[in-house]
Amino acid sequence: MMGRSDPHATQTHCPYCAMQCGMSLTQENGRWTVGSRDLPTYRGGLCRKGWTAAELLHAPDRLQTPLMRDRKGDTLRPVTWQEAIDRIAARFAAVAAESGPNAVAVFGGGGLTNETGYMLGKFARVALRTANIDYNGRFCMASAAAAGLRAFGIDRGMPFPMQDIAGADAILMVGTNPAETLPPIMQYFEAQRDRGGQTIVADPRRTATAKLATLHLQLSPGTDSALANGLLHIAIRHGLIDRDFIASRTTGFERVQRIVATYWPDRVERITGIPAPLLERTAHILGEAPTAMLMTGRGPEQQSQGVNNVLAFINLVLALGKAGKPFCGYACMTGQGNGQGGREHGQKADQLPGYRKIDNPAHRAEIAAVWGIEADELPQPGLSACELLNALGAEGGIRCLLVMASNVAVCAPDATQIIERLKALDLLVVADIFLSETAALADVVLPVTQWAEDEGTMTNLEGRVLWRRRAKEPPHGVWTDAQILKALADRLGRGRYFSADVRETSAEFRRATAGGAADYAGISYERIAREDGVFWPCPSADHAGTPRMFLDRFATEDGRARFHEVEHRPAAELPDEAFPYVLTTGRVLAQYQSGTQTRRVAELNAAEPEPFVEIHPETARGLRIADGDIVVLTTRRGRAIVKARLARDIRFDTLFVPFHWGAAGSANALTHAALDPMSRIPEFKVCAVKIEKALTLARSELEPAATAHLH
């Protein structure tokens, strides 16, 4: 599947996860094929999704004309771009005049390029003048981002190049399964193991990653901070901590030491389900290793205590002295394609470009000067993602919504309620490649370019800024995101502040980030091409970029990292007699996010064609459920109909459902929208559920869950 070596091939990057692996695209006989591309980070590697990515460029159900419904309940009909833009702009303007600008909102995505994400944030504040913009990254890495800012003074998910993984003597991975979610990165874990390194995986499931590890800690979902505190307790008791590092490079340890004194191994075993001897062995492996890393994924992060979970693990890293040194550190395993860049430049409700804060007067003045407006014209912070979605159609709430690069009808928690909120809007506008579940609910649907039909920069999980080149012309009638935003701004009388030319936007974007925590000022397309990517912060053209952070100081005012007091708190909803099991959600190898793209690739859909629930065979036997049976999952919010998949790799008390499907098999019809008080991330990873064999349901009732998106 590697495609021919062709000097005329376009050198670009995969459209999926935060690895952003390099690839080449070649056209032959009207078909596009993917070829390998040898970059320092990826070494020519791609996963199954990457190798089949070109199939998206030939999808027969590609949107190629705007669609509109005249009234609620009407079917969508093709219209001209002028009709669509006029309808949107007129309604946005009328609602803003009647109910104020905050009655119009914007919802973005972590798959947008840096330039488009920047432009979308600017469009919300300058063209719409609304405070209400957020994005689906709030569902992913928000807890790790908030924790990084508090502990280190800056959020760059992985503060070192991923090649450094191979040099660590010990690695603890918590709630992350890169063997399935970031497969090409596994070459570095394999190299780490081959040189004698040890890895430990903490996860309720014995995942593909856990099967490769030295130790597997099969914790109960929602007990992550207890695990972290318990490991730190053991490290202190056995003299494994680095008191010189603590004294010279951190603050706040004494308060944390008092708290973890009560997390003795037997207590932590009762909370987490991890045997005390395994806790002891883990602490010794990490503490005695000359170098060590700790990585978190969505497991500990997508919880109502997500920030505290991550801070507790950062406490452990700091106490062991395994931060701010080569081959050491804490890292967030970012998931979405531009999950890192997407959270830096203005898509979040409280944020301005360069990771500036929208309620900081100095930051407001800096961005207003770049945009050519007065600082007091900028709105204050708006609603975070879940709060924004719950305000849709509510009295005194949001009446119009523009969605770009997100499928909220599938990816939002308590999805059934969110679908009703979307239907209650005066006007829902969705820009997408395909008629996703969210687009199918829209009043106006706008066809947009795919990854290979536009250009821009992406920031991968290690903070390396990459250039996604344009390989082909889009189909006739399809616009770029920038063209859409520019046209709407023109109709709203604010067009002078925007350009549809990505190069012009890129130059302005770099100026807007200058001086911010996430400084891209010195990163040009030409330099990216020359150097195979540039690490931010990079404040000038003659700056080398920053592959490794914190080697001399942390990004706090005094240069010291911060410990934080964390007490374990239970999840917002625990199992009881009515709902006796714990539900957790996640991804599988062959699908990606809400499945809008991967469910259209025949090879991927054949590998994982329908939603399922993973259940332990002993648990299933007690419920008289056999492998392949249709079952009904029910929580206090809704139900899902899926197939049972028996696996001894999961805890007896836990059920796992992937979230790539909507309709009857929607995992997020079940999940809990309880929010972390700091990151405002919802609790996808823990809720109470019951499971029953679907005795009266026909298999045909499951099939729409897998195929409803194919129109």
Side-chain angles (χ1 to χ4, degrees), residues 139 175 203-205 218-224 226 270-273 298-300 302-306 309 386 390 410-420 568-586 611-626 629-647 649-659 661-676 681-697 701-702 705:
F139 299 154
D203 200 295
R205 304 165 63 223
Q218 197 164 30
L219 78 168
S220 177
T223 63
D224 303 86
R270 289 194 298 273
I271 295 171
T272 65
R298 307 300 80 74
Q302 288 179 322
Q303 297 184 33
S304 59
Q305 296 295 319
N309 288 339
C386 279
N390 283 318
V410 174
C411 71
D414 195 2
T416 303
Q417 170 69 14
I418 296 305
I419 289 169
E420 293 306 308
H568 168 66
R569 298 281 185 269
E573 184 179 80
L574 297 175
D576 56 21
E577 188 175 345
F579 300 93
Y581 300 101
V582 179
L583 175 73
T584 193
T585 66
F612 64 88
V613 57
E614 189 173 281
I615 181 173
H616 195 281
E618 295 302 316
T619 305
R621 185 169 64 175
L623 297 166
R624 298 184 178 181
I625 293 171
D629 280 351
I630 308 297
V631 298
V632 179
L633 301 172
T634 308
T635 68
R636 290 179 174 86
R637 289 152 298 282
R639 76 171 196 164
I641 304 168
V642 298
K643 282 180 63 175
R645 181 177 294 183
L646 274 54
D649 295 327
I650 195 165
R651 290 172 55 97
F652 294 101
D653 59 358
T654 302
L655 307 177
F656 167 80
V657 181
F659 59 80
W661 291 270
S666 173
N668 280 321
L670 307 169
T671 50
H672 202 313
L675 301 182
D676 182 284
I681 201 169
E683 192 147 55
F684 289 111
K685 288 297 187 245
V686 192
C687 71
V689 65
K690 68 178 178 180
I691 179 171
E692 302 168 288
K693 188 172 181 177
L695 298 176
T696 60
L697 290 172
E701 294 188 59
L702 172 63

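Everything numeric here is computed off the predicted structure, so don't read it as measured data.
Nearest heavy-atom pair across Ile271 and Ala226 is CG2-CB, 3.7 Å. Closest approach of Ala412 and Asn668 over heavy atoms only: O-CB, 3.1 Å. Across every non-hydrogen atom of Gln303 and Gly222, the tightest pair is OE1-CA, 3.3 Å.
For the atom pair CG of Leu623 and OH of Tyr581, the computed distance is 4.0 Å after rounding to the nearest 0.5 Å. Taken to the nearest 0.5 Å, the SG atom of Cys386 stands 6.5 Å off from the CD1 atom of Ile418. Atom-to-atom distance recorded for Phe684:CZ and Leu583:CG is 11.5 Å, nearest 0.5 angstrom. A distance of 9.0 Å separates NE2 of His616 from CG of Leu646, quoted to the nearest 0.5 Å. For the atom pair CG (Leu655) and CD1 (Ile691), the distance works out to 5.0 Å, reported to the nearest 0.5 Å. The distance from atom NE2 of His568 to atom OG1 of Thr272, rounded to the nearest 0.5 Å, is 9.0 Å.
A heavy-atom distance below 4.5 Å is found between the side chains of Thr654 and Pro221. In this structure, the side chains of Pro204 and Leu219 come closer than 4.5 Å at one or more pairs of heavy atoms.
When atom types are taken as modelled, the side chain of Asp649 and the backbone of Arg205 share no donor-acceptor pair closer than 3.5 angstrom. No side-chain donor-acceptor contact under 3.5 Å links Asp629 to the backbone of Val631. Under the 3.5 Å distance criterion, the side-chain polar atoms of Arg651 are matched with a main-chain donor or acceptor of Gln218. Between the Glu683 side chain and the Ala674 main chain, no donor and acceptor come within less than 3.5 Å of each other. With hydrogens and angles ignored, the 3.5 Å screen pairs no side-chain donor or acceptor of Thr634 with any backbone N or O of Lys690. A donor-acceptor pair under 3.5 Å links the side-chain atoms of Ser666 to the main chain of Ala669, judged by distance alone. Of the possible donor and acceptor atoms, none in the side chain of Asp224 sits under 3.5 Å from a partner among the backbone N and O of Asn309.
In this structure, Trp661 and Phe612 have perpendicular ring planes: the angle between them is above 60°, well past the 30° mark.
Taking a cutoff of 4.0 Å between a charged side-chain nitrogen and a carboxylate oxygen, Arg637 and Asp414 do not qualify as a salt bridge.
Inspection of the Lys685 and Gln302 side chains reveals an N or O donor paired with an N or O acceptor under 3.5 Å.
For the side chain to side chain contact (heavy atoms under 4.5 Å, CB included) test, residues two or more places apart in sequence or in another chain that qualify with Ala688 are Glu573, Phe579, Arg636.
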